[in-house]
Amino acid sequence: MRTSQFPLQTLKETPADAEIASHRLMLRAGLIRKLAAGLYTWLPLGLRVMRKVERIVREEMDRAGALEVLMPAVQPAELWQESGRWEQYGPELLRIKDRHQREFCFGPTHEEIITELVRNELQSYRQLPINFYQIQTKFRDEIRPRFGVMRAREFLMKDAYSFHLDQASLQETYNLMHATYSRIFSRCGLDFRAVQADSGAIGGSSSHEFHVMADSGEDVIVLSDRSDYAANIEKAEAVAPVEERSLPSEALRLVDTPDTKTIQQLVDQFNHPVEKTIKTLIVAGSAESGAPFVALLVRGDHELNLVKAEAQPEVAAPLRFALEEEIYQAIGAGPGSLGPLHLPLPCIIDRSVANIADFSAGANIDGKHYFGLNWERDLPLPRIADLRNVVEGDPSPDGKGNLTIARGIEVGHIFQLGEKYSAAMQASVLDMNGQPRTMTMGCYGIGVSRVVAAAIEQKHDEKGIIWPLSIAPFQVALLPMKMDKSHRVREAVEKLHTAMHEAGIEVLLDDRDVRPGFMFADMELIGIPHRVVVGERGLDQGQVEYRGRGESENSMIRIDQLIPFLMDRLSASEAV
RNA sequence: CGGGGUGUGGCGCAGUCUGGUAGCGCGCUACGUUCGGGACGUAGAAGUCGGAGGUUCGAAUCCUCUCACCCCGACCA
């Protein structure tokens, strides 16, 4: 390919509304252009990258025995009503009507559609297990689309759905998909981790997310320093402290704290250790709790884990924090003065809260706190649960090592759906006894367009993108110096271009009439992994210059050795 | 949804407070000089100032409505 025939729509200036590196670079390198909030056009250069990711995904899914299908993007409301999600899904579901006023949605996911297909097409257990996948455009009307294609509304996704007669078969395919995803992201040249994830309301025994490691990632993941334990912080268990709770050593006292509304003020004003403070959070109670509100207690230096909180039977789902007026009405004191003693609400405390002695908490009277509180002396021990986010240094839940915290970009998610959709939509096959059996399902997604952004987020420098070879839009940039003036350079470059082409190398020849610095800057911005410069200087010695995108020094290569040299470089990183 | 902000050639911005008929940089076109790390000169093309209505002799600028986009808010006890 020649740049004269391939628009490099690069920008020298940084677009105003791009906040993170990948978004900026995707715009500057001319990979994408925004049409509207969360909607992007992929330019030729960007599409080449996305197609490469797609191809890797497709090859590995095929290799794992999955079968490609293509389902409609627009889906009838009836199927969503059947699964119950027409009501459950909020405004994120883009609902549309056709000319007959029939309701449809633009699919954010395809469980209903594949289940509808499979219940009609499959009749026998002999046809199971089976795994269908597609690579297709999804639409989710995100509250706040941002970061370019990282969190866009319209995006390209690979989604797969497997169907099984029993859990053992599902587990087998699940494991296969786990391995397949690992191969996919390895082949994409990314530093990633598979982490245990919350399977949410869907249930099921197992769920893993695949994260590309990057400091700008929106997800917090925790890793053990001594084992392969890895989990999303939403899921990571904060294990109970092993040491016994200390015995009470202080007397209970009620203290005037008129200017103490926050934990920080309590710590500062009373020189009180933050580990001996309690945060009392009021959330809406479930029908089961029998109370309008429920109190959740975590240590002052800890954060409530929303997923864990919502999972408590006493807590209403979705989780809702009480408003200030509601707190006054229910307790008679405002936030900032709440605590477990004389609290007229059901109470659940975090494991670490159960373990402190001589602690402080609000007195449920405005402007007053208790100090020297002790469980089982001053008040009974409430129900104990794991409610908090783990923090750096906490013991790993698998008992091996301590936890470290990192950030990641979720690019893949696999989970076991069980019978949620197959039961609701009556998708069954006849088993070996001729009896109908509801199929059990697995579901496996990869955000293809997000992988492109995540790769940039992980691999870039101040000059631009540094593509992993396997997903680079071109493998080699071929840059002639003063081609217009020098017949030798022109001849040499044309010969090399042809030779590379014949060797199957994806080469981009920069035949624009621009100054060298311009070419260098553009090729670095768009991140071509290998660069070959042909100039009079080198030709005098029968040489050309080579430099890898991540390198800072040139190597001189003899012209007749260039193709083998490049082939060597290209195959070195092909191996997985 | 609540709060804040921005809409002016393809991109980045000034001009708006204090009304007088639109400007800068990048990019683009042509020619010339240059050219191994985003060159320079000369000459050009390109904007109903987001939209609608109003005030005024006159509106990018003031008023009303509206649309779009961006940022913040989902831990606070």
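Chain identifiers are assigned alphabetically (A, B, ...) following the order of the sequence lines, protein sequences preceding nucleic acid strands; residue numbering begins at 1 within each chain.
Using a 4.0 Å cut-off between a side-chain N of Lys or Arg and a carboxylate O of Asp or Glu, A/Glu524 and A/Arg531 qualify as a salt bridge. Salt bridge annotation for A/Asp350-A/Arg299: absent, with no cationic side-chain nitrogen under 4.0 angstrom from a carboxylate oxygen. Looking at A/Arg512 and A/Asp510, a side-chain N of the basic residue comes within less than 4.0 Å of a carboxylate O on the acidic one, giving a salt bridge. Taking a cutoff of 4.0 Å between a charged side-chain nitrogen and a carboxylate oxygen, A/Glu209 and A/Lys235 do not qualify as a salt bridge. Under the 4.0 Å criterion applied to side-chain N and carboxylate O atoms, A/Arg28 and A/Glu13 are not assigned as salt-bridge partners.
Under the Watson-Crick or G-U wobble criterion, with both distances below 3.5 Å, B/C1 is paired with B/G73. Base pairing of B/U55: no nucleotide in any strand meets the Watson-Crick or G-U wobble criterion (both distances under 3.5 Å). Judged by Watson-Crick or G-U wobble contacts below 3.5 Å, the nucleotide B/A39 has B/U33 as its partner. As the counterpart of B/U18, no nucleotide is assigned, since no Watson-Crick or G-U wobble pattern has both distances under 3.5 Å. Using Watson-Crick or G-U wobble geometry with both donor-acceptor distances under 3.5 Å, B/U48 finds no partner in any strand shown.
Taking the C1' atom of each, B/C35 and B/A14 are spaced 33 Å apart, rounded to whole Å. Straight-line distance between the P atoms of B/U34 and B/C17: roughly 50 Å, to the nearest whole Å. The separation of B/G23 from B/G5, taken at their P atoms, amounts to 30 Å, rounded to a whole angstrom.
For A/Phe359 and A/Trp375, the ring centers are positioned less than 6.0 Å apart.
Atom-to-atom, CZ of A/Arg531 to P of B/G36 comes out at 14 Å; the value is rounded to the nearest Å. Separating the CG atom of A/Asp510 from the P atom of B/G37 is a distance of 15 Å, rounded to the nearest angstrom. Rounded to an integer number of Å, the gap from CD of A/Gln9 to C1' of B/G10 is 10 Å. For A/Lys482 and B/A39, the NZ to C1' distance is 14 Å, given to the nearest whole Å. Protein atom CD of A/Glu92 is 16 Å distant from nucleotide atom P of B/C1, rounded to whole Å. Between the NE2 atom of A/His23 and the C1' atom of B/C69 there is a distance of 12 Å, rounded to whole Å. Distance CG (A/Asp513) to P (B/G32): 12 Å, rounded to an integer number of Å. Between A/Leu27 atom CG and B/G10 atom P there is a gap of 17 Å when expressed in whole angstrom units.
Considering only residues two or more places apart in sequence or on other chains, A/Glu154 meets the side chain to side chain donor-acceptor pair (under 3.5 Å) condition with none of them. Considering only residues two or more places apart in sequence or on other chains, A/Lys308 meets the side chain to side chain donor-acceptor pair (under 3.5 Å) condition with A/Asp386. Applying the ring-ring contact (aromatic ring centres under 6.0 Å, His included) criterion to A/Trp80, with sequence neighbours excluded, gives A/Tyr89. Residues passing the side chain to side chain donor-acceptor pair (under 3.5 Å) test with A/Arg2 are A/Glu494, sequence neighbours excluded.
Taking the six-membered ring where tryptophan is involved, the planes of A/Tyr546 and A/Phe565 are perpendicular, since the angle between them exceeds 60° and thus also 30°.
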Contact state string [nucleotides 70-77 of chain B, B base, S sugar-phosphate only, - no protein heavy atom under 4.0 Å]: SSB-BBBB
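In this structure, A/Asp522 reaches the bases: a heavy-atom distance under 4.0 Å links it to at least one base atom across the strands shown. Counting any heavy atom pair closer than 4.0 Å across all strands shown, A/Arg24 reaches no nucleic acid atom. Across all strands shown, A/Arg33 has no heavy atoms under 4.0 Å from either base or sugar-phosphate atoms. Using a 4.0 Å heavy-atom cutoff across all strands shown, A/Arg320 reaches no nucleic acid atom at all.
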Give me the distances for all protein-to-nucleotides 25-27 of chain B N/O pairs that come in under 3.5 Å?
from, atom 1, to, atom 2, distance (Å)
B/G25, N2, A/Glu13, OE2, 2.7

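Side-chain nitrogen and oxygen atoms of A/Arg515 include none within less than 4.0 Å of the OP1 or OP2 phosphate oxygen of B/G38.
Each of A/Val534 and A/Thr14 lies near RNA chain B, and the nucleotide nearest A/Thr14 is the one positioned closer to the 5' end.
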